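Quick notes on the structure that follows.
Basis for what follows: all heavy atoms, side chains included, without hydrogens, waters or symmetry-related copies. Here the structure is a predicted model, which means the values were calculated and not measured.
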Amino acid sequence: MASAGQVVLVTGGVRGVGAGICRAFLAAGATVVACARRAPDEPVRAGGREIEFVECDVRDPERVQAMIDEVLARHGRLDVLVNNAGGAPFALAAEASPRLHSKIVELNLLAPLLVAQAANAVMQQQESGGAIVNISSVSGSRPSPGTAAYGAAKAGIDSLSTSLAVEWAPKVRVNAVVVGLVQTELAHLHYGDDDGVAAVGATVPLGRMAVPEDIGNCAVFLASPQAAYVSGSTLTVHGGGERPAFLAAANADVPAVGTPTTATRQP
């Protein structure tokens, strides 16, 4: 879907979801530049090709501009930005320090805006314009206990994406991918051993957590010509969502969700 030769920048693209996004774009034929604060132990590869790496702290305006300048120096243009860098440690809102809350919002909301501004300045001057894909989270639209500031920042990303889509049209399209549960190399830190990971996956209607490439494939679509009329949208990628807790608590004798039933016609 992505045009061969597209130049794509993925922030936080060396591990986890970011690495999956990079692999999806590599497989689609794009030239992929990934940034992070430190280089990966192993380059991210797909289809016999690998990413280019640029060291960057996306919270630093000078480093962000230097990164964009480096991409232009290497390739002469920037077609796609995927704002993926982010995350937050578990910290109850009543106990976390104001500094921690500030840093979480800075990384997950203000930094993507900073990188998007720098990318947009380039894309507006290109005849072909460009596309920006912001990686958001279901935490932005449902309770996020233990990561409240993160959830609030992701809600901000959803709003930001719609506003930038209006401000930067028609040259630049801006969309968001709202991500649910994803199984990455760090899944054991969140869900425990293999049994824990499987049990969490079983709560998803599609029967498993996403893998990073599932998110990457959606980002590739939103950046592609096939999505040329898609802007200001949020694409939710969560395998059908989460089974409502009340269904597990209820004791009514009804089939489980997803179980085939025989309809009965009332006389």
Side-chain angles (χ1 to χ4, degrees), residues 10-21 35-38 57-60 82-116 133-163 175-193 196-206 208-212 214-216 218-219 234-246 248:
V10 181
T11 68
V14 301
R15 58 185 59 84
V17 170
I21 293 170
C35 80
R37 284 184 289 175
R38 55 185 177 275
D57 182 341
V58 293
R59 300 168 296 185
D60 186 323
V82 182
N83 265 320
N84 168 75
F90 182 90
L92 295 174
E95 300 170 2
S97 69
R99 177 170 172 76
L100 178 61
H101 286 154
S102 178
K103 291 177 67 175
I104 290 171
V105 173
E106 180 184 26
L107 175 62
N108 291 281
L109 177 58
L110 300 181
L113 173 57
L114 176 64
V115 182
V133 180
N134 293 319
I135 303 302
S136 185
S137 169
V138 294
S139 294
S141 57
R142 57 127 165 95
S144 187
T147 54
Y150 171 81
K154 290 302 187 181
I157 279 289
D158 296 342
S159 176
L160 179 68
S161 299
T162 62
S163 296
N175 293 289
V177 177
V178 178
V179 178
L181 301 175
V182 184
Q183 184 173 350
T184 70
E185 63 269 29
L186 299 179
H188 65 283
L189 297 178
H190 302 283
Y191 312 118
D193 58 15
V197 170
V200 172
T203 69
V204 178
L206 288 187
R208 65 173 178 87
M209 286 188 276
V211 296
D214 289 324
I215 313 305
C218 293
T234 53
L235 175 58
T236 302
V237 186
H238 61 7
E242 301 175 15
R243 181 179 170 85
F246 76 84

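- Looking only at distances, no side-chain donor or acceptor of S137 sits under 3.5 Å from a matching main-chain atom of G140.
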Original post:
Going through the distances and angles, do V197 and Q183 end up as a side chain to side chain contact (heavy atoms under 4.5 Å, CB included)?
Top reply: CA-CA 8 Å; V197 170; Q183 184 173 350; 3.6 Å; yes

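- Looking at every heavy atom in both residues, A219 comes nearest to I21 through CB-CG2, 4.4 Å.
- Between V138 and V178, the shortest heavy-atom contact is N-CG1, 3.6 Å.
- The backbone N or O of S159 sits less than 3.5 Å from a side-chain atom of T162, completing a donor-acceptor pair.
- Formation of a donor-acceptor pair under 3.5 Å by the T11 side chain with backbone atoms of A85 is found in this model.
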**OP:** Apply the test side chain to side chain contact (heavy atoms under 4.5 Å, CB included) to residues K154 and N108: give CA-CA distance (whole Å), side-chain angles for both, the deciding distance (0.1 Å), then the verdict.
**Re:** CA-CA 7 Å; K154 290 302 187 181; N108 291 281; 3.9 Å; yes

**OP:** Quick one: do S161 and N134 satisfy side-chain hydrogen bond (donor to acceptor under 3.5 Å, both in side chains)? Show the steps, please.
**Re:** CA-CA 7 Å; S161 299; N134 293 319; 2.9 Å; yes

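- Contact check for P212 versus T184: side-chain heavy atoms found under the 4.5 Å cut-off.
- In terms of the side-chain contact (heavy atoms from CB on, under 4.5 Å) criterion, residue partners of L235 (sequence neighbours excluded) are, by chain and number, C218, L222, V237.
- Salt bridge D60/R37: absent, no basic N to carboxylate O contact under 4.0 Å.
- Not one N or O on the side chain of T147 forms a donor-acceptor pair closer than 3.5 Å with the backbone of A88.
- Partners of D158 according to the salt bridge (Lys or Arg N to Asp or Glu O under 4.0 Å) rule, which considers only residues two or more places apart in sequence or in another chain, do not exist here.
- Within the 4.5 Å cutoff, the side chain of V14 has no heavy atoms near those of the C35 side chain.
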Original post:
Passes side chain to side chain contact (heavy atoms under 4.5 Å, CB included), D214 versus R208? Steps please.
Top reply: CA-CA 12 Å; D214 289 324; R208 65 173 178 87; 2.9 Å; yes

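- Annotation: side chain of V200 is in contact with side chain of M209 (closest heavy-atom distance under 4.5 Å).
- With contacts defined as side-chain heavy-atom distances shorter than 4.5 Å, the pair I157/P112 qualifies.
- To the nearest 0.5 Å, atom OH of residue Y150 and atom CG of residue L109 are 12.0 Å apart.
- Shown here are the side-chain hydrogen bond (donor to acceptor under 3.5 Å, both in side chains) partners of E106, two or more places apart in sequence or in another chain: there are none.
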**OP:** Starting from the C-alpha separation in whole Å, work towards a yes-or-no answer on side chain to side chain contact (heavy atoms under 4.5 Å, CB included) for N83 and I135.
**Re:** CA-CA 6 Å; N83 265 320; I135 303 302; over 6 Å; no

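- Panel note: side chain N84, backbone G13; no donor-acceptor pair is recorded below 3.5 Å.
- Across all their heavy atoms, A93 and A148 have their closest contact at CB-CB, 4.3 Å.
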